[in-house]
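These notes concern the structure reproduced below.
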Amino acid sequence: MKAEIHPNYKEVQITCSCGNTFTTKSTLTKPALHVEVCSECHPFWTGKQKMVDTAGRVERFRQKYGRSA
């Protein structure tokens with residue numbers, strides 16, 4: 001391996017918008033990173049699906065195809 005070509009690998013504090021915080025290692029130069037989705041709030045990991053209704057699109061789809069949830 002060549003000397004001094006690899007970036008520094010240090011601990012970084014990750015903060016999610018849901019309030020969850022954890023520490024991991026990264027090559028970031030900043031000591032903290034803010035993310036919008038983590039494993040505590042992501043629908044794939046929680047099993048909860050959230051439908052975001054933007055301008056009534058979900059409701060219009062349900063009316064058009066006759067499906068109610």
Side-chain angles (χ1 to χ4, degrees):
M1 267 190 341
K2 292 183 180 180
E4 298 185 23
I5 64 167
H6 300 286
N8 293 332
Y9 191 63
K10 59 184 179 181
E11 287 191 356
V12 176
Q13 184 72 27
I14 309 294
T15 305
C16 181
S17 61
C18 71
N20 186 29
T21 60
F22 54 93
T23 304
T24 189
K25 293 204 173 207
S26 176
T27 58
L28 287 175
T29 57
K30 298 178 183 178
L33 176 68
H34 298 280
V35 295
E36 293 182 17
V37 179
C38 68
S39 61
E40 294 292 320
C41 61
H42 193 280
F44 179 79
W45 300 110
T46 61
K48 298 176 184 174
Q49 182 68 27
K50 291 191 271 183
M51 293 190 112
V52 178
D53 191 2
T54 306
R57 291 181 185 166
V58 174
E59 187 59 36
R60 281 188 285 151
F61 177 84
R62 287 181 179 161
Q63 288 175 354
K64 184 176 181 180
Y65 294 105
R67 183 176 177 205
S68 62

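Between His34 atom NE2 and Gln13 atom CD the span is 9.5 Å, to the nearest 0.5 Å. Rounding to the nearest 0.5 Å gives a distance of 6.0 Å between CD of Glu11 and OG1 of Thr23. Rounding to the nearest 0.5 Å gives a distance of 6.5 Å between SG of Cys18 and CD of Glu40.
The hydrophobic side chain of Val37 is isolated, with no ILVMFWY side chain under 4.5 Å apart from it. Cluster partners of Phe22, using a side-chain heavy-atom cutoff of under 4.5 Å among ILVMFWY residues and allowing indirect links, are Val12, Ile14, Leu28, Leu33, Val35.
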